[in-house]
Amino acid sequence: MKEYDIRQLRNVGLISHGGAGKTTLTETMLFDSGAIERLGRVDDGSSVVDYDPDEIKRKITINATLAPCHWQNHKINLVDTPGYADFVGDVKGTLRVVDGAVVVVCAVSGVEVQTERVWQYADRYDLPRLVYINKLDRENANFAKALTQVQEQLSNKAVALQLPIGSEADFRGVIDLVNMKALLYDQKKGKDFTVAEIPAELQDEAESYREKLIEAVAETDDELVMKYLDGEPLTSEEITTGLRVGTLAGSIVPVLCGSALTNIGVQPLLDAIIACLPSPQDAAAIAGTDVKTGEEITIEPSKDAPLAALVFKTMADPYVGKLTYFRVYSGVFNSDTQVYNVTKEKMERVGQLFIPRGKQQEGVERIVAGDIGAVAKLQETSTGDSIGEKDKPILLPPIEFPKPSYSVALFAKSKGDEDKLGTGLARLVEEDPTLTVEKNVETRELLLSGMGDVHLDVTIDRLKRKFGVYVETQTPKIPYRETIRKAVKVEGKHKKQTGGHGQYGHVWIEMEPLQEGEGFIFEESIFGGAVPKQYIPAVEKGIREAMQEGVLAGYPVVDFKVNLYDGSYHTVDSSEMAFKIAAIQAFKKGMEQTQPVLLEPIMNLEVLVPEAYMGDVIGDLNSKRGRILGMEPQGGLQLVKAQVPLAELSKYAIDLRSLTQAGAAL
């Protein structure tokens with residue numbers, strides 16, 4: 001594969017709500033650029049980027065997939081990202097390493113919830129963006145309405161570069177507002193188009209939109225402002241230059257339009273990616289930390305600088321091993337060498353590097369600064385790790401992943417699968433940082449946590465397909481507690497004679513409640529050796545063993561104090577075991593007299609809610625026995641703080657998504 005100069009590279013993430021057409025657009029761009037010879041379809045399962053069996057089965061994008069193509073002597077690293085909220089981890093990983101984004105908006109649905117959310121993620125990284133209004137060939141498609149939503153809900157800096165010619169079934173081309181020409185497409189041959197004059201009936205509309213474009217472009221440069229105010233027309237070259245300056249600065253968001261399915265307006269989008277979005281050299285400088293000195297340094301995207309790369313995705317494959325995707329920020333990443341994992345402080349042996357395109361892989365000798373590639377079988381490296389040189393280790397800022405919000409309890413269907421279950425889960429958690437696995441000591445359940453029910457369903461399918469592990473799932477048990485409300489004094493006596501040495505243990509204990517969170521306290525106030533000192537630890541051990549199962553529902557007992565204040569012993573028959581049994585008997589008898597009560601775990605909950613759904617969310621929390629602690633504005637949304645019983649929250653992530661059309665976040 002040809003090696004490009006850093007100024008000829010474009011790293012671009014395609015982001016949007018699910019169903020807007022990102023994958024079809026990626027596929028069409030690959031086809032138009034000659035990267036693939038046959039145009040695949042999501043519905044047929046023949047797409048290059050949606051190649052995972054789970055993606056084919058569900059007809060949604062689950063994994064962020066790298067798809068490089070070549071256009072006008074540039075290399076564009078397209079990264080198709082999931083649009084479903086459950087797989088937002090891959091979106092965040094992608095936006096951390098790309099230099100620009102194409103936001104795909106459906107001309108029928110307009111700006112949807114997840115589109116707004118990924119736009120906010122892109123804001124955090126100050127990514128320059130293009131907007132592509134897709135599906136203009138669909139029934140009820142409305143370009144003007146979609147553009148207005150983009151301007152009102154995403155950015156008031158959005159400005160149209162194109163207008164559609166025709167609509168719905170009659171959609172046949174676009175108007176180029178920069179050059180004031182019509183691009184008319186052959187609807188049978190797809191990508192073929194002819195340049196023609198703008199239809200007379202659209203001339204006035206085109207002039208109006210072009211005036212808004214020129215006004216936005218003029219503001220990017222003082223000379224252009226003066227020329228615009230003097231009434232002089234701007235040339236196409238000046239508009240193009242101003243567009244690039246404005247897009248890189250974030251003062252302009254160019255809006256293009258078309259239909260990825262019928263291949264209308266896709267080639268102009270490729271042109272716009274090259275013309276408007278930044279190369280790695282143009283992108284905002286990234287800061288790193290020199291591990292040896294502890295100083296913060298600015299990383300220059302140069303081949304001659306020390307190696308600094310960031311792993312943004314890991315995929316587990318039972319046959320190939322682990323696939324590691326990385327972005328090189330500086331230096332050169334060579335095949336068949338050794339690199340230093342700066343995060344884990346370990347050396348890694350590197351085999352063959354390659355450039356993936358979907359599941360296809362092309363081997364390369366090296367990957368230079370600004371480019372994206374992959375390597376197989378790194379032993380220690382995982383998502384978010386920095387890779388560099390041992391002599392000049394540079395630690396890059398980590399990727400911030402959201403915390404899991406939905407859990408299920410897993411059980412292997414057969415005993416033979418228990419070991420494989422642990423191994424498979426470890427590999428999948430390594431692949432996806434938004435997954436966590438933990439063993440709940442109290443309920444003795446293995447809990448798998450993720451971003452939602454679909455996320456965990458896909459993970460369980462992968463366990464079965466990749467590692468041959470069949471599991472059953474249940475709603476996790478709630479770890480209740482028991483405590484006491486009244487102080488009592490009770491006696492416990494264990495006396496048994498069986499011939500020869502008998503068993504004798506006798507204790508008097510006082511039980512009293514403690515404040516919440518104080519746990520368990522054991523004291524002794526024995527006088528005159530009523531209970532010999534060697535037996536006192538056995539009494540405490542008996543209490544601690546008995547408190548693991550309370551008398552109400554068998555849950556652990558907490559927040560109480562036991563004082564051993566009296567008892568008796570036998571010089572021959574007493575033993576540690578006898579005193580332990582006596583203590584257990586005393587504890588059980590005492591629990592019945594102390595007015596025991598069941599304690600329910602209460603969770604502190606924070607929900608980020610759009611204003612429109614505030615009433616619904618607060619009403620729902622109240623119905624779940626929740627207590628609203630307060631509300632505060634946060635970035636155009638409302639942060640609701642509440643305390644809610646854990647038993648009411650087992651499926652709250654799903655309920656919340658349904659209640660707010662995926663607009664709220666935990």
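Numbering starts at 1 and runs along the sequence shown. Because only heavy atoms are used, hydrogens play no part in the values below, and waters and symmetry mates are left out as well, while side chains stay in.
Using a 4.0 Å cut-off between charged nitrogen and carboxylate oxygen, Arg124 and Glu400 do not count as a salt-bridge pair. A salt bridge links Arg172 with Asp170: at least one charged nitrogen is closer than 4.0 Å to a carboxylate oxygen. One finds no salt bridge joining Arg10 and Asp99 here, because no Lys/Arg side-chain nitrogen approaches an Asp/Glu carboxylate oxygen to under 4.0 Å. Salt bridge present: Lys181 and Glu197 bring a charged side-chain N and a carboxylate O closer than 4.0 Å. Taking 4.0 Å as the cut-off between side-chain N and carboxylate O, Glu3 and Lys303 count as a salt-bridged pair. Classification of Lys59 and Asp50 as a salt-bridged pair fails, no side-chain N sitting under 4.0 Å from a carboxylate O. Remark: Asp282 does not engage Arg7 in a salt bridge, criterion side-chain N to carboxylate O under 4.0 Å. Salt-bridge formation is detected for the pair Asp123/Arg129: a Lys NZ or Arg NE/NH1/NH2 atom is positioned less than 4.0 Å from an Asp or Glu carboxylate oxygen.
Residue Glu223 places its CD atom among 12 or fewer non-hydrogen atoms of other residues, nucleotides or ligands, all under 6.0 Å distant. By the neighbour-count criterion of 12 heavy atoms within 6.0 Å, atom CG of Asn73 is densely surrounded, having more than that number from other residues, nucleotides or ligands. Within 6.0 Å of the CE atom in Met226, the count of heavy atoms belonging to other residues, nucleotides or ligands does not exceed 12.
Contact between Pro356 and Pro68 at its shortest, heavy atoms only, is O-CD, 3.1 Å. The shortest non-hydrogen separation linking Phe87 to Thr61 is CD1-O, 4.3 Å. Minimum heavy-atom separation, Gly166 to Phe171: O-CD1, 3.7 Å. Counting all heavy atoms, side chain and backbone alike, Met180 lies closest to Ala206 at CE-CB, 3.9 Å. Nearest approach of Thr298 to Ala285, heavy atoms of both residues: CG2-CB, 3.6 Å.
Formation of a donor-acceptor pair under 3.5 Å by the Glu116 side chain with backbone atoms of Val113 is not found in this model. A donor-acceptor distance shorter than 3.5 angstrom exists from the side chain of Glu389 to the backbone of Leu307, with no hydrogens or angles considered. At distances below 3.5 Å, at least one donor-acceptor pair connects side-chain atoms of Ser386 with backbone N or O atoms of Leu396. Side chain of Thr220 to backbone of Val217: a donor-acceptor contact under 3.5 angstrom is found. Looking only at distances, no side-chain donor or acceptor of Gln634 sits under 3.5 Å from a matching main-chain atom of Leu639. The backbone N or O of Arg41 lies less than 3.5 Å from a partner atom in the side chain of Ser46, making a donor-acceptor pair. Distance alone, capped at 3.5 Å, is enough to place a donor-acceptor pair between the Gln151 side chain and the Ala158 backbone. The main-chain N or O of Val111 is never found under 3.5 Å from a side-chain atom of Thr115 such that the two would form a donor-acceptor pair. Within the 3.5 Å criterion, the main-chain N or O of Arg357 finds no donor-acceptor partner in the side chain of Gln360. Remark: the backbone N or O of Asn63 is paired with a side-chain donor or acceptor of Glu55 at under 3.5 angstrom.
Between the side chains of Asp90 and Thr81, not a single donor N or O lies within less than 3.5 Å of an accepting N or O. Donor-acceptor pairing under 3.5 Å is recorded for the side chains of Asp271 and Trp71. Thr381 and Thr324 share no donor-acceptor pair across their side chains, judged by distance under 3.5 Å alone. Side-chain atoms of Lys22 and Ser16 form a donor-acceptor pair, as typed in the model, at a separation below 3.5 Å. Side-chain contact of Tyr4 with His70: a donor-acceptor pair under 3.5 Å is present, judged by distance alone. There is no side-chain donor-acceptor pair under 3.5 Å between Thr65 and Asp80. Counting only N and O atoms by type, the side chains of Glu207 and Gln203 include a donor and acceptor under 3.5 Å apart. Side-chain contact, Glu27 with Ser47: a donor N or O sits under 3.5 Å from an acceptor N or O.
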message: Does Leu323 form a side-chain contact (heavy atoms from CB on, under 4.5 Å) with Thr314? I'd like the steps, not just the answer.
response: CA-CA 6 Å; Leu323 297 177; Thr314 307; over 6 Å; no

field: Verdict with supporting geometry, Arg657 and Asp86, side-chain contact (heavy atoms from CB on, under 4.5 Å)
entry: CA-CA 10 Å; Arg657 189 173 299 161; Asp86 279 24; 2.3 Å; yes

Audit row: Asp371, Arg366, salt bridge (charged side-chain N to carboxylate O under 4.0 Å, His left out) steps and yes/no: CA-CA 10 Å; Asp371 211 346; Arg366 65 180 197 163; over 6 Å; no

task: Take Gln162 and Val255, measure what side-chain contact (heavy atoms from CB on, under 4.5 Å) needs, and give me the verdict at the end.
output: CA-CA 7 Å; Gln162 297 174 342; Val255 180; over 6 Å; no

- request: Determine, stepwise, if the pair Leu243 / Val178 fulfils side-chain contact (heavy atoms from CB on, under 4.5 Å).
  value: CA-CA 10 Å; Leu243 271 173; Val178 175; 4.1 Å; yes

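When side chains are defined from C-beta on, Asn11 does not count as touching Val97, because their heavy atoms never get closer than 4.5 Å. The shortest side-chain heavy-atom distance between Cys257 and Tyr132 does not fall under the 4.5 Å cut-off. Taking 4.5 Å as the limit, every side-chain heavy atom of Tyr125 sits out of range of all side-chain heavy atoms of Val98. You'll find the side chain of Pro301 stays beyond 4.5 Å of the side chain of Tyr329, heavy atoms only. Between Pro402 and Thr434, some side-chain heavy-atom pair lies under the 4.5 Å cut-off. Looking at heavy atoms from C-beta onward, Met29 lies in side-chain contact with Leu78 at the 4.5 angstrom threshold. Residues Ser335 and Val350 are not in side-chain contact: their nearest non-hydrogen atoms beyond the backbone lie 4.5 Å or more apart. In this structure, the side chains of Leu163 and Leu177 come closer than 4.5 Å at one or more pairs of heavy atoms.
Put simply, OG1 on Thr28 and CG on Leu270 are 10.0 Å apart, with the number rounded to the nearest 0.5 Å. Atom OG of Ser109 and atom NZ of Lys145 lie 9.5 Å apart (nearest 0.5 Å). The distance from the OG1 atom of Thr23 to the CD1 atom of Ile60 is 10.0 Å, given to the nearest 0.5 Å. Rounded to the nearest 0.5 Å, atoms CZ (Arg327) and CD1 (Ile367) are 12.0 Å apart. Remark: Leu277 CG to Leu130 CG distance equals 4.0 Å, nearest 0.5 Å. Remark: Ile399 CD1 to Lys313 NZ distance equals 11.0 Å, nearest 0.5 Å.
Using cut-offs of 30° and 60° on the angle between ring planes, the pair Phe193 and Tyr185 is tilted.
Between Phe326 and Phe312, the distance from one ring center to the other does not fall under 6.0 angstrom.
Checking each of Leu30, Leu9, Ile274 against Ile76 for a side-chain contact (heavy atoms from CB on, under 4.5 Å) leaves exactly one that passes, namely Ile274.
Both tests do not hold together for Lys92 against Phe401: distance to the six-membered ring centre under 6.0 Å, angle to the ring axis within 45°. A cation-pi arrangement is absent between Arg117 and Tyr121, since the terminal nitrogen or guanidinium carbon is not both under 6.0 Å from the aromatic centre and inside a 45° cone about the axis.
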